[in-house]
Amino acid sequence: MDQMDFDVLEDDGLTAVLAPLRVSILHSDFQVQLADRLQAIADDIANVDAIRKRSPKLANAVEAHASEIFKGVNSSELRKTADRLIALKTEIFGLTNAGSAHRLIEEERKPEVDAELSVGKEGRLLTRIHVYKERDRGLVKRAKDHYRRMNGGKLACSGCGMVPVDVYGPDGERSIEAHHKTPIEELQPDSETTTADLAMVCATCHRVIHSKKPCLTLEELQGLIGDHGRLTNKKT
């Protein structure tokens, strides 16, 4: 852990009540949203019987970690039980240990997507979660409405800059797809996705983004296109 950010709930000049917000991981840009992480722990504790049906060993690890949490002591045993739980999640699900075991089991039950078939066990469920977020029709509609308002009523591709309605007419917007901007390997399974987490990209750019494992970032895609390849300087 590198640093922890707090929100000040109360401050009378002598005593301050702080609420932890996020933790930055040393030597990386990775941050853990503590509210999401604590909610994931609470979700596992509440659904430990469902977890036991999938893996008794995992359920036992959840209960052992919960027992240490409820003691309210920052002990070495608390760290050991957390490490054991994370190791089991990684063993069972791949690189998805930031999410609750219960949530990961629910994601595991969803149909496979083509993108995950080429990544193997490591990152398999994160890839599935990523794709399903991009297919959330309600979220995608809200995101498209948001970006239209930002761009004078038109959608533009964040990669190549194409404005489909200017090229194809009203039907051109069908080529614009939603892309989850968080790299798959940094995705937090339990985090809520907002319109700001989605970028609007044309089908061609979206395919290129997902052509590598891990997938390209928007910045990497724009670097491939280069200044001469962009149709406009607009970014969404």
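With salt bridges taken as basic N to acidic carboxylate O contacts below 4.0 Å, one links R52 and E63. With respect to R103 and D43, no salt bridge is recorded, no charged nitrogen being found less than 4.0 Å from a carboxylate O. Between K141 and D145 there is a salt bridge, with a side-chain nitrogen of the basic residue lying less than 4.0 Å from a carboxylate oxygen of the acidic one. Contact check on E173 versus K154 returns no salt bridge, with no Lys/Arg side-chain nitrogen under 4.0 Å from an Asp/Glu carboxylate oxygen. A salt bridge links D171 with R174: the closest approach of a Lys/Arg side-chain nitrogen to an acidic carboxylate oxygen falls below 4.0 angstrom. Salt-bridge check for D83 with R79: passed, with a basic side-chain N closer than 4.0 Å to an acidic carboxylate O.
With rounding to the nearest 0.5 angstrom, the CG atom of N60 is 8.0 Å from the OG atom of S55. Of the inter-residue distances, the one linking T193 atom OG1 with K181 atom NZ reads 11.5 Å to the nearest 0.5 angstrom. To the nearest 0.5 angstrom, C215 atom SG is 5.0 Å from H179 atom NE2. Taken to the nearest 0.5 Å, the CG atom of D114 stands 12.0 Å off from the NE2 atom of H210. Atom NE2 of residue H146 and atom OG1 of residue T195 lie 4.5 Å apart, to the nearest 0.5 angstrom. In this structure, CD on E77 lies 5.5 Å from NZ on K80, to the nearest 0.5 angstrom.
In terms of hydrophobic clustering, with Ile, Leu, Val, Met, Phe, Trp and Tyr side chains grouped at heavy-atom distances under 4.5 Å, V48 and F93 are assigned to a common cluster.
When all heavy atoms are compared, the tightest approach of I176 to P164 is CG1-CG, 3.5 Å. For L139 against K133, the heavy-atom pair with the smallest separation is CD2-O, 4.1 Å. Of all the heavy atoms in L155 and K144, the pair that sits closest is CD2-O, 3.5 Å. Minimum heavy-atom separation, C205 to I225: SG-CD1, 4.2 Å. Across all non-hydrogen atoms, the minimal contact from A64 to T81 is O-CG2, 3.9 Å. Of all non-hydrogen atoms in S158 and L218, the two that sit nearest each other are CB-CD2, 4.2 Å.
Side-chain contact check for L78 versus I69: some heavy-atom pair is nearer than 4.5 Å. Contact annotation: the side chain of M150 never approaches that of M200 to less than 4.5 Å [non-hydrogen atoms, C-beta and beyond]. Between N47 and I105, the closest side-chain pair of non-hydrogen atoms is not below 4.5 Å. Residues L85 and L58 form a side-chain contact, since some pair of their non-hydrogen atoms from C-beta on lies under 4.5 Å apart.
The number of heavy atoms from other shown groups lying within 6.0 Å of CG (D12) is above 12. Other residues, nucleotides and ligands contribute over 12 non-hydrogen atoms within 6.0 Å of the NZ atom of K110. By the 6.0 Å contact criterion, CG on D11 is enclosed, its count of non-hydrogen atoms from other residues, nucleotides or ligands being greater than 12.
Screening V8, L9, D7 for a side-chain contact (heavy atoms from CB on, under 4.5 Å) with L18, the sole residue that qualifies is V8.
Here the side chain of K57 pairs no donor or acceptor atom with the backbone of L88 at under 3.5 angstrom. A donor-acceptor pair under 3.5 Å links the side-chain atoms of S211 to the main chain of V208, judged by distance alone. No donor-acceptor pair under 3.5 Å is formed between the side chain of K89 and the backbone N or O of S100. Side chain of Y147 to main chain of L198: a donor-acceptor pair is present (N/O by atom type, distance under 3.5 Å, no hydrogens or angles). Side-chain atoms of D44 come within 3.5 Å of backbone atoms of H102 as a donor-acceptor pair (strictly under, hydrogens ignored). Of the possible polar contacts, one joining the R128 side chain to the E108 backbone as a donor-acceptor pair under 3.5 Å is found. Panel note: side chain E220, backbone T217; a donor-acceptor pair is recorded below 3.5 Å. Under the 3.5 Å distance criterion, the side-chain polar atoms of E134 are matched with a main-chain donor or acceptor of H180.
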Test log, rule side-chain contact (heavy atoms from CB on, under 4.5 Å), inputs I209 and V201: CA-CA 10 Å; I209 285 172; V201 293; 4.2 Å; yes

Steps toward side-chain contact (heavy atoms from CB on, under 4.5 Å) verdict (Y132, T127): CA-CA 9 Å; Y132 272 97; T127 302; over 6 Å; no

Working for side chain to side chain donor-acceptor pair (under 3.5 Å), residues H206 and E177: CA-CA 7 Å; H206 204 187; E177 300 173 350; 2.7 Å; yes

